[in-house]
Amino acid sequence: GDDDDDSADATTTTVDSMPEAPTSEADAETPDADAEMPDAESPMSERCGDPDRLGDSINFLNWADYIDEAVLEMFEEECGVSVTMDTHVANEEAIAKVDAGNSGYSLVIVTDYAVEIMSSQGLLQELDMGEIPNAANIDPNQMDPYYDPGNVYSLPYQYSTTGLAFDETAFSTPPTSYSAIFDENSHCGSSSLLEDQREVLGAALVYLGYDWNEVSQAAHDEALDLVLESRDCVTGFDSANYIGNLASGEVLVAQSWGFAAGIAYLDNPNIRYIIPEEGGTIWQDNFLIPADAPDPYTAHVLINYMLEPDIGALITEFTIGYTPNLTVPPLLSDGYYEVIAGAGLELTDDIRERLVWQVRSEEHSIFAETWSEVIAAG
Amino acid sequence: MDQHSQRGTVSLRKVTKRFGDAVAVNAVNLEVEAGEFISLLGPSGCGKTTTLRMISGFELPTEGRVHISGRDATDTPPHLRTVNSVFQSYALFGHMTVAENVAFGLRVKRRDKPTIERKVQETLDLVQLSDFGSRFPGQLSGGQQQRVALARAVINEPDVLLLDEPLSALDLKLRQAMRYELTRLHDELAMTFVFVTHDQTEAITMSDRIAVMDQGEIHQLGTPVDIYERPATRFVAEFIGEVNMLEATVVGGDGTRTEVLLSSGDRLTCAPVGDSRLTPGVSVVLTVRPQRVLLTPEGGIDSQEHASLRGELRELLFLGDSTRGTVGLADGTELVAVRHNEDGTHPFGTLRPGDRVDVGWRHGTACLVQ
Amino acid sequence: MDQHSQRGTVSLRKVTKRFGDAVAVNAVNLEVEAGEFISLLGPSGCGKTTTLRMISGFELPTEGRVHISGRDATDTPPHLRTVNSVFQSYALFGHMTVAENVAFGLRVKRRDKPTIERKVQETLDLVQLSDFGSRFPGQLSGGQQQRVALARAVINEPDVLLLDEPLSALDLKLRQAMRYELTRLHDELAMTFVFVTHDQTEAITMSDRIAVMDQGEIHQLGTPVDIYERPATRFVAEFIGEVNMLEATVVGGDGTRTEVLLSSGDRLTCAPVGDSRLTPGVSVVLTVRPQRVLLTPEGGIDSQEHASLRGELRELLFLGDSTRGTVGLADGTELVAVRHNEDGTHPFGTLRPGDRVDVGWRHGTACLVQ
Amino acid sequence: MMAARAARAASGGSGTALRRSAAPLLAPGLLWISVVYVIPGALILVYSFLTPKLGGGVVWQATLDSWEEIVARGRRSDAGWGTVGAAALRGIATAAVAAVPTVAAARYLGRRISRGLGFAALLGALAAVNHLASAYNNYTAVFARSVVWSLWATVVCICLALPLAVFISSRSSPVTKNALLIAVMVSFWTSMLVRTYAIRFLLANTGPLNNLIEALGLDRVVFLNTRFAVILGLVYTALPFMILPLYAATERVERAQMEAARDLGARPPQVFADVFVPMVRPGLTVGVVMVFVLSVSQYLVPTLLGGGKTNMIANLLELQFGEAFNWPLGAAVAALFSVVTFAGLYLTVGRRDQEELL
Amino acid sequence: MIRRRPSRRFANLAIGSASVLVYVFFYVPVAVLVLFSFNQARTGGRWGGFTTEWYSALFDNDRLITAAQNSLLIAVVATAVAVVLGTMLSLAIDRRTFRGRTAAQQVVYLPVIAPEIVTGVALLAFFSLTLGRLNDLLGRGAQDALRMGRPTIIIAHVAFCTAFVALVVRSSLRTLDPSLEEAAQDLGANAWTTFWRVTLPSIMPGVLGGALLAFTLSLDNFVITFFVSGPGATTLPIEVFGQLRRTISPEVNAISTLIFGASTLLLVGALVVQSTVSRQRSQRIRPLSRQPRNRAAQARATQATHTQLEGQP
Ligand SMILES: Nc1ncnc2c1ncn2[C@@H]1O[C@H](COP(=O)(O)OP(=O)(O)OP(=O)(O)O)[C@@H](O)[C@H]1O
Ligand SMILES: Nc1ncnc2c1ncn2[C@@H]1O[C@H](COP(=O)(O)OP(=O)(O)OP(=O)(O)O)[C@@H](O)[C@H]1O
Ligand SMILES: [Mg+2]
Ligand SMILES: [Mg+2]
């Protein structure tokens with residue numbers, strides 16, 4: 001893009017108009033996939049797998065606002081499969097839908113711990129890596145996760161972190177710790193925590209020196225007290241509105257998803273993102289195929305399609321997350337890198353050290369119990 | 001019997017209607033002749049409407065049978081009976097024009113359109129509403145609505161027309177006009193009319209016969225004159241017109257006259273009641289109409305031709321057309337005399353409240369009832 | 001003037017009420033004396049209710065002043081006026097018992113409880129409802145509700161009691177009973193009663209004076225006899241009682257008698273109207289009450305003392321208490337004669353419809369109005 | 001009026017109507033509602049006795065854990081006799097404070113003083129129960145809060161809907177009336193969510209309302225994520241459900257009765273309390289029930305305007321059915337909540353009003 | 001021209017201004033969203049100039065369009081079914097006596113008083129259980145299985161819409177004079193004809209009101225829909241709720257504005273029709289008790305009633 005270094009508004013436009021740019025680049029790299037004439041009698045793109053086994057349509061369950069819709073349109077045009085994407089706003093919602101049986105979804109995207117839960121309950125089918133040649137493109141760092149050793153059921157889609165986002169202009173010295181919210185909150189009334197039992201309590205736990213996944217009652221009692229204390233100071237426990245609020249200046253420091261800080265940065269270039277010294281979480285969203293998926297083959301094809309370099313680039317440009325696909329970074333626009341760099345979203349090894357995965361098993365129900373105290377408090 | 005000749009008859013045979021424990025209509029027998037104008041007259045709650053609704057089929061008799069036009073109709077649903085009703089509230093269909101209202105009965109019977117149009121026009125002519133066909137009921141006055149309700153019923157040429165207090169919602173002047181209208185229609189249409197009212201004047205002026213009801217029973221069935229002049233029971237006497245009632249005990253008499261002792265101590269001789277079985281000792285009520293009561297200064301009554309009692313004039317009340325005098329008898333009972341203000345002067349001459357007076361009536365104008 | 005002596009007077013001075021363009025009450029003057037029973041009588045829509053509502057304060061006069069008990073009350077809100085109303089629909093509070101309804105006025109004035117209880121009991125006694133205190137209005141008959149409404153108003157001992165057609169929803173017998181009741185109460189309570197009705201009998205039998213209204217104006221104010229016997233206008237004559245009206249033209253006369261020519265061609269001599277300014281050529285209406293009309297076979301009328309006309313008996317109608325004969329005159333106008341059925345025989349003797357008859361009236365019983 | 005209705009109902013059931021069965025008319029609708037409400041409701045009750053499953057759903061294995069959790073276990077921190085004492089004190093204090101205006105009102109309206117005192121005592125009792133519930137455990141605390149806020153919302157709705165209902169019904173033209181009524185409905189044809197979002201914008205710290213406040217020289221006020229915002233949202237959502245039945249009731253009010261009261265010397269506030277309110281009571285009851293039920297189980301409003309800091313019972317349910325993966329516990333809370341709500345409604349809504357409700 | 005007492009004028013003023021306040025309360029948020037739909041700035045809060053670009057963007061936004069279509073479809077179907085069922089229910093309850101009438105009434109009232117969220121989760125549990133069993137029973141494979149989606153949403157919406165329709169229709173049935181229906185039967189109409197020709201037209205305002213309410217409720221329902229929706233059955237509220245993860249897109253404001261505008265137009269049209277009809281009908285209305293002004297006509301009436309015809313000019 002030529003208007004990269006313009007104001008925030010201009011940046012917005014760039015990101016919005018992004019679909020065209022990478023598509024043309026993709027065309028250049030894979031000349032056989034003639035995007036201009038995908039239909040008619042011309043042989044279907046080889047990114048579409050075996051046309052005989054390919055279904056006509058597929059139901060796809062994804063996080064809301066988590067993919068550039070152009071991807072789906074491209075897939076429809078290229079492969080002739082109509083994609084119906086429904087969205088969920090919580091992993092639990094997705095699990096419930098799949099668990100209800102015959103959900104109709106052939107492809108689902110959920111976050112790490114949800115994969116473990118679903119696979120342990122037999123809700124998933126094993127992926128046939130033979131149908132997903134692009135799996136080879138994936139960063140080994142993001143493979144073989146704790147929740148799915150050997151990637152039997154899942155492949156990574158996007159990943160990101162959870163840390164703190166803040167408005168640079170509001171701080172003389174940039175915060176480096178959760179104390180910016182929990183203690184000595186200098187921006188009382190302009191700070192926010194996520195609406196997520198694990199993230200909030202986890203942050204409190206690490207701030208108090210415990211492990212992010214700590215389950216002892218004593219530690220939780222302490223964490224609860226800390227959260228209840230800071231409750232009066234934060235504007236809210238909020239996983240959505242704070243993004244806009246950061247942009248508008250209503251919130252000055254917030255516990256934030258990494259990608260969200262990027263989005264906020266687009267509207268307000270003063271936004272910065274850090275992983276506090278106590279630590280943060282890393283999380284990864286994954287492709288899954290439910291055990292009772294109506295059309296597993298098409299799902300495999302779609303997974304593979306989304307792991308194509310150009311498609312991956314489209315997706316990552318949109319989510320502003322990190323791509324696990326090693327072929328994607330070269331295709332990403334300057335605009336993307338400007339956001340990552342400007343907002344401080346680079347994922348260095350140093351930062352990776354401080355990141356932990358959230359683990360979820362029966363014993364972690366103590367988080368819900370503690371959290372219900374938070375809910376009960378106000 | 002010949003079916004045709006019975007068209008328009010209604011016959012109730014030992015018809016009883018109970019609502020739960022309450023008896024609304026009690027073993028009523030009633031034979032209405034074809035083409036007759038019969039009124040059911042009685043106080044509120046006496047069972048008139050219930051009786052009518054059993055004829056129209058909206059209530060099922062608990063016991064007894066209803067025959068219409070000679071056929072047992074007890075179990076026929078309302079829409080298959082050859083009777084039509086005019087409801088007290090008119091029950092016009094507010095969403096239809098007058099013409100549509102009137103056409104309703106024919107339309108549901110799927111008559112062809114030209115016939116319907118012709119008959120609607122005829123019927124609207126009959127009730128003199130030809131120009132109002134395209135109005136809605138809400139745009140009509142009470143009397144006009146009344147006539148629409150009538151037209152809507154008669155267009156079906158029912159054997160029997162049932163009318164439930166159709167005039168009671170109208171004011172006096174309009175009521176008088178509609179009475180006339182109904183009588184005219186009855187003459188023109190030659191249908192049987194069963195007319196429910198609690199207004200005696202209405203019943204008396206319009207009907208061929210009147211059935212006086214009370215508490216679910218028919219007390220008397222007869223022509224207006226019968227009912228007025230020869231009430232069968234105390235209730236009828238009292239309900240029809242104004243009447244003086246004096247408690248009395250039979251003390252003697254023969255086939256032509258009965259001697260009674262009034263509670264005031266006076267002894268009187270009266271004409272006997274119809275089938276006089278009045279043996280001495282029986283309590284009776286002597287009834288006499290106020291306009292037949294003479295009221296004179298003491299000694300002014302010829303006791304040969306008249307019964308005569310002594311009393312004191314308590315009150316004179318100017319009623320406009322007439323004046324009413326109230327006389328207290330020896331034992332405190334009151335007797336009322338009414339006289340038209342015929343020539344603008346006081347109809348009772350110089351009598352003033354407080355005067356001692358004689359009251360009396362021509363023999364034969366008083367009646368004994370039980 | 002002394003305030004006390006004026007307690008209970010009502011005076012309307014040139015009171016006009018307009019609703020938009022429509023004039024409901026037009027420059028009415030009315031002086032009601034303390035303790036009087038005055039009736040406002042007139043047809044529907046003539047402005048009776050509006051007049052009453054200006055006295056009670058629910059409408060503000062567009063022009064003119066309202067004085068109550070000698071004080072200008074035009075701008076006093078309703079709850080501060082010393083008048084109380086009995087509404088046509090009773091307007092009882094359905095969610096309160098009878099006793100609570102009656103107590104309402106005292107309660108809102110925060111009288112102490114024992115006083116309230118005592119007075120409620122007294123007032124219920126007065127209207128003979130002592131045993132009904134704990135019932136709800138929905139559980140009472142119409143007449144009883146009426147009496148509750150009355151009790152609720154009189155318990156406040158207003159200077160003036162306003163009654164808006166309180167009897168019109170009742171049936172005949174009950175209406176008669178309630179008339180009596182109201183007169184009794186008026187005597188006992190010594191309050192001013194302003195009574196609105198469109199029923200002439202009601203007005204005539206109960207009132208000390210009657211104001212006859214039409215189209216927002218008072219046509220005549222006078223005692224019942226005045227109004228009946230000496231109607232000031234054609235409207236009054238027609239509205240009060242039944243009347244025959246014959247169009248006529250004045251053709252001559254002097255101070256003691258007036259000669260008129262009827263449309264039938266007959267010439268008659270009448271007593272003059274009150275302040276006779278009837279010069280020849282003026283159109284007038286000759287009014288005569290049906291009960292003063294004689295009806296005899298041809299030649300049966302003594303034309304010395306009576307006015308007499310010739311006609312044909314068209315109809316005889318039995319009315320119960322009386323019989324009505326309708327006579328068609330030469331030019332087709334009709335004249336009605338009514339006679340009590342005094343002795344059970346036909347009051348018009350052997351006359352039958354179709355007979356040629358003479359009708360007439362004693363000189364002085366007919367009236368000329370303009 | 002009631003007698004007339006009873007008679008009508010009875011007559012409706014007599015005669016020809018008797019011969020027809022209600023089943024064909026009744027069955028489809030009743031069956032439908034039963035399938036959607038009664039059977040799933042029963043299922044929820046069953047679920048509350050089962051074992052939770054990680055990831056949501058249940059394991060079909062009976063246990064009383066959930067009920068023990070919500071009924072038997074008090075809150076860790078501040079349960080005990082001290083709490084009972086504090087609750088009692090708070091109740092008494094509330095009653096004492098409330099007594100002044102209620103007794104004054106009773107005096108003014110010509111009612112017995114004892115009624116004023118009784119009302120104050122009722123408020124005190126409510127306050128005490130609220131205090132106890134807030135201290136007992138998480139579930140009762142959230143429940144108590146939901147109830148209290150919904151009551152506030154109901155009161156505000158009444159205050160707003162009454163004048164509007166009177167205003168609309170005092171219009172003379174039926175077309176105007178309909179237009180005004182429809183205007184109430186029309187705003188609801190845009191998604192509640194979008195409008196709530198607009199409210200968020202209006203109430204934000206940097207939003208127009210606060211800009212206005214600042215322009216007036218005052219300090220900015222935090223509206224969002226406070227009780228104020230939540231109750232405002234509840235009112236906004238439920239108000240039409242108060243307006244519609246109240247309007248219907250106001251339409252039926254007989255002017256004559258109000259005039260009769262004036263005529264008997266009642267001042268306007270007395271007319272209002274003694275005549276108008278009893279007459280619109282059926283509509284008021286319907287409105288109160290609908291607004292209360294709608295508010296007490298609101299999910300969107302506390303979520304969008306409460307920002308996680310001000311939560312209601314639905315948020316707790318959402319936690320159990322969502323992140324906590326504890327459906328049986330959620331089912332138990334839901335069951336208890338429904339039972340208490342129904343019982344409360346049946347106790348407070350009289351027999352007569354129940355008939356009026358449907 | 002009408003004089004009023006000052007206190008009454010004050011009361012009217014108070015009531016009037018309170019009413020205006022309520023409408024302001026209702027419509028300010030609507031105004032905000034309409035404004036935002038023309039706002040160039042993507043994130044709300046500041047005015048970036050007038051634009052209609054969100055409207056053109058809207059037409060390319062299949063997700064929003066589909067969601068709106070779903071919402072409308074579901075609302076229309078649910079309303080249609082609910083109007084039929086609800087009217088039947090209210091007829092049964094009002095016009096028939098049967099054992100268990102009170103119980104039936106209370107079941108009908110359930111949707112009004114049942115907390116939405118409880119209904120939502122209960123339905124989720126219920127549908128997962130029954131659909132699963134049904135699929136097992138029918139031996140359905142994954143492809144043609146019964147699953148949640150528009151049908152389940154409609155089933156749920158019909159239930160609560162039915163209750164509200166029944167509620168509204170019942171109240172208009174109660175004010176309907178029963179003798180109207182008797183009159184129809186008396187004139188020879190059977191039960192069916194009576195219903196179509198007389199009962200239904202008379203309670204039409206109630207039925208329409210109920211339909212309006214049902215439509216509104218269905219269109220706006222989030223909680224229950226959320227729990228019972230399935231693949232391809234995203235409704236507008238659910239779609240919008242998903243978008244809240246970021247900031248609400250101006251296209252959402254645009255579509256809301258469109259729906260708002262369309263419904264307002266529709267209803268204003270209906271009102272205009274109604275007002276013409278009612279003006280037509282009210283022409284020359286005469287209350288029941290009014291008598292002719294013509295006194296002479298009355299006088300004749302007493303003598304010869306048949307010459308007098310009330311209503312003659
Ligand atoms: N559906 C019913 N259920 C119970 N009782 C009834 C019913 N219909 C009528 N009744 C009772 O039956 C009796 C007769 O009623 P009906 O309506 O026939 O009286 P009516 O003579 O028409 O009186 P009115 O002049 O007041 O109309 C009354 O006591 C009434 O209360
Ligand atoms: N609030 C009002 N607005 C407009 N016109 C009114 C109003 N009240 C009364 N009128 C008109 O004023 C006239 C007098 O009405 P009013 O109610 O005083 O009559 P009335 O004599 O009491 O009649 P009725 O016997 O029918 O009660 C009528 O023409 C009526 O239509
Ligand atoms: Mg009757
Ligand atoms: Mg009046």
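Here is the naming used below: chain letters follow the sequence lines, and residue numbers restart at 1 for every chain.
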Original post:
Given that the side chain runs from C-beta out, which part of E:V112 has a heavy atom under 4.5 Å from chain D: side chain, backbone, both or neither?
Top reply: both

**OP:** Sort D:L43 into side chain, backbone, both or neither according to what part of it lies under 4.5 angstrom from a heavy atom of chain E.
**Re:** side chain

**OP:** Report yes or no: is the cationic atom of D:R195 (NZ for Lys, CZ for Arg) closer than 6.0 Å to the six-membered ring centre of D:F188, at no more than 45° off its axis?
**Re:** yes

Original post:
Considering only heavy atoms, which portion of D:F292 lies under 4.5 Å from any heavy atom of chain E: side chain, backbone, both, or neither?
Top reply: neither

Subject >> Side-chain (E:Y27) to main-chain (D:A183) donor-acceptor, under 3.5 angstrom >> reply: yes

Original post:
Parallel under 30°, tilted from 30 to 60°, perpendicular over 60°: which one fits the rings of E:F160 and E:H157?
Top reply: tilted

Subject >> Closest-packed option against chain D by number of heavy-atom pairs under 4.5 Å, given E:A114, E:P237, E:P111, E:A75 >> reply: E:P111

**OP:** Pick one of side chain, backbone, both or neither for D:L294, based on which atoms fall under 4.5 Å of a heavy atom in chain E.
**Re:** neither

**OP:** Tell me, for D:L304 versus chain E, whether the close heavy atoms (under 4.5 Å) come from the side chain, the backbone, both or neither.
**Re:** side chain

Subject >> Part of D:L160 lying under 4.5 Å from any heavy atom of chain E >> reply: both

Original post:
If only atom types and distance count, is the side chain of E:S71 paired as donor or acceptor with the main-chain N or O of E:L236 below 3.5 Å?
Top reply: yes

Subject >> Contact class of D:V333 relative to chain E, heavy atoms under 4.5 angstrom >> reply: neither

**OP:** Please determine, among E:V107, E:V84, E:I259, the option with the most heavy-atom pairs under 4.5 Å with chain D.
**Re:** E:V107

**OP:** Under 4.5 Å heavy-atom distance to chain E, tell me which part of D:L26 shows up: side chain, backbone, both or neither.
**Re:** both

Original post:
Which bit of D:I44 is near chain E, if near means a heavy-atom gap under 4.5 Å: side chain, backbone, both or neither?
Top reply: side chain

